[in-house]
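Below is one structure, written out as C-alpha cells; the observations come after it.
Predicted, not measured: the structure shown is a model, and the values here were computed from it. For the numbers below, each heavy atom of this structure counts, side chains included, while hydrogens, waters and symmetry mates do not.
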Amino acid sequence: MARLMVVDDSIFMRLMIKNILLELGHEIVAEASNGLEAISLFLQHSPDIITLDITMPEMDGITALKEIKSYKSDSKIIMVSAMGQQSFVIEAITLGARDFIVKPFDKDRVAEAVKKVLNT
C-alpha cells in the first residue's frame with residue numbers, strides 16, 4: 001500500500017479523505033492545511049502520493065504543485081477540487097498532476113484514483 005500526504009485547508013475534508021485512505025489500507029504520513037506546509041512536509045516525508053486541494057490560504061494547490069514538481073518531477077499528485085473548478089483541474093493536469101477527485105469524496109473514486117496513480 002501507499003504512503004500518502006493529505007493537503008486541504010478544511011480539517012473536515014482532510015478527515016474524510018484520510019478515513020477513506022486508511023480504510024483502503026494506505027498509510028497517512030503527513031497532513032497539511034496549505035501549500036506552504038505541504039512543501040515542507042513533502043521534503044520531510046517523501047510521500048508516495050499527495051492529495052492536494054486547489055483552493056487554500058497562504059499558498060494554493062496549483063502553486064504548491066509547481067513547487068513540489070520542481071523538487072521531484074515524478075511526484076504523484078492527485079488534485080482535489082470542488083465542483084466548478086474545472087479550469088484549475090485542467091491547469092493542474094497540464095502541470096503534471098496525475099488525476100483529480102471532486103468533493104464531496106466518493107470512496108470508489110478515491111480508490112480508483114490512488115490505484116491509477118500507483119500504477120503510473
Side-chain angles (χ1 to χ4, degrees):
M1 289 296 141
R3 299 170 61 255
L4 286 99
M5 177 170 69
V6 176
V7 183
D8 198 303
D9 59 319
S10 165
I11 294 170
F12 178 72
M13 288 297 161
R14 281 198 317 266
L15 183 62
M16 281 184 63
I17 195 164
K18 195 169 83 169
N19 286 341
I20 290 170
L21 293 167
L22 290 170
E23 193 176 311
L24 293 168
H26 299 291
E27 177 186 359
I28 306 301
V29 296
E31 289 182 55
S33 62
N34 63 59
L36 289 175
E37 286 179 7
I39 292 164
S40 175
L41 290 169
F42 166 77
L43 294 171
Q44 289 174 36
H45 297 281
S46 296
D48 300 324
I49 298 174
I50 302 165
T51 64
L52 186 58
D53 187 23
I54 292 176
T55 307
M56 296 180 290
E58 308 227 12
M59 180 186 284
D60 64 77
I62 299 292
T63 305
L65 168 70
K66 291 177 192 174
E67 288 286 320
I68 290 168
K69 287 290 198 175
S70 76
Y71 288 109
K72 187 176 179 211
S73 62
D74 64 344
S75 297
K76 295 181 177 184
I77 300 172
I78 299 170
M79 298 307 290
V80 177
S81 72
M83 294 300 287
Q85 293 183 315
Q86 289 87 348
S87 64
F88 292 119
V89 170
I90 292 166
E91 181 181 3
I93 297 295
T94 303
L95 291 169
R98 304 281 179 97
D99 205 345
F100 68 94
I101 50 179
V102 178
K103 297 176 186 178
F105 305 115
D106 173 76
K107 180 182 175 183
D108 292 337
R109 178 64 186 110
V110 172
E112 175 189 322
V114 171
K115 183 178 179 181
K116 172 186 169 186
V117 169
L118 277 176
N119 293 324
T120 59

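Val114 and Val29 fall into different hydrophobic clusters, defined by Ile, Leu, Val, Met, Phe, Trp and Tyr side-chain heavy atoms under 4.5 Å apart, directly or through other members. Ile20 and Met1 fall into different hydrophobic clusters, where Ile, Leu, Val, Met, Phe, Trp and Tyr side chains are chained together by heavy-atom contacts under 4.5 Å. Taking hydrophobic clusters as Ile, Leu, Val, Met, Phe, Trp and Tyr residues chained together by side-chain heavy-atom distances below 4.5 Å, Leu52 shares a cluster with Ile93. Transitive grouping of hydrophobic side chains (ILVMFWY, heavy atoms separated by less than 4.5 Å) brings Leu22 and Phe12 into a common cluster. Residue Tyr71 is grouped with residue Met79 when hydrophobic side chains (ILVMFWY) are merged at heavy-atom distances under 4.5 angstrom, including chains of intermediate members.
Summarising the geometry of Leu65 relative to Ala97, their closest heavy-atom pair is CD1-N, 4.2 Å, with the distance given to 0.1 Å. Nearest heavy-atom pair across Lys76 and Asp48 is CB-O, 3.4 Å. Nearest heavy-atom pair across Pro57 and Asn34 is O-CB, 3.1 Å. For the residue pair Ile54 and Asp60, the shortest heavy atom distance occurs at O-CB, 3.3 Å. Here the closest non-hydrogen pair linking Ile28 and Lys18 is CG1-CG, 3.5 Å. Of all heavy-atom pairs spanning Lys103 and Asp8, the tightest one is NZ-OD2, 3.0 Å.
Arg109 is listed as a side-chain neighbour of Glu112, based on a closest heavy-atom distance under 4.5 Å. Contact check for Pro47 versus Leu4: no side-chain heavy atoms found under the 4.5 Å cut-off. With contacts defined as side-chain heavy-atom distances shorter than 4.5 Å, the pair Ile101/Ile17 qualifies. Ile77 places a side-chain heavy atom less than 4.5 Å from the side chain of Ile68. Here the side chains of Val7 and Met56 are in contact, with some heavy-atom distance below 4.5 Å. Inter-residue side-chain proximity for Leu118 and His26 is flagged as met; some heavy-atom pair is nearer than 4.5 Å. Ser33 places a side-chain heavy atom less than 4.5 Å from the side chain of Arg14.
A distance of 12.5 Å separates CD in Gln44 from CD1 in Ile39, rounded to the nearest 0.5 Å. Distance check, rounded to the nearest 0.5 Å: CD of Glu91 to OG1 of Thr94 gives 7.5 Å. Taken from CZ in Arg3 to NE2 in His45, the straight-line distance is 8.5 Å, to the nearest 0.5 Å. Note that the CZ atom of Arg98 and the OG atom of Ser75 stand 8.0 Å from one another [nearest 0.5 Å]. For the atom pair NZ of Lys69 and NZ of Lys66, the computed distance is 13.5 Å after rounding to the nearest 0.5 Å. Note: Leu21 CG to Lys107 NZ = 10.5 Å, rounded to the nearest 0.5 Å.
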Does the pair Met13 and Asp53 meet the rule for a side chain to side chain contact (heavy atoms under 4.5 Å, CB included), with working shown? CA-CA 10 Å; Met13 288 297 161; Asp53 187 23; over 6 Å; no
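For Glu67, there are no side-chain hydrogen bond (donor to acceptor under 3.5 Å, both in side chains) partners at least two apart in sequence or on another chain.
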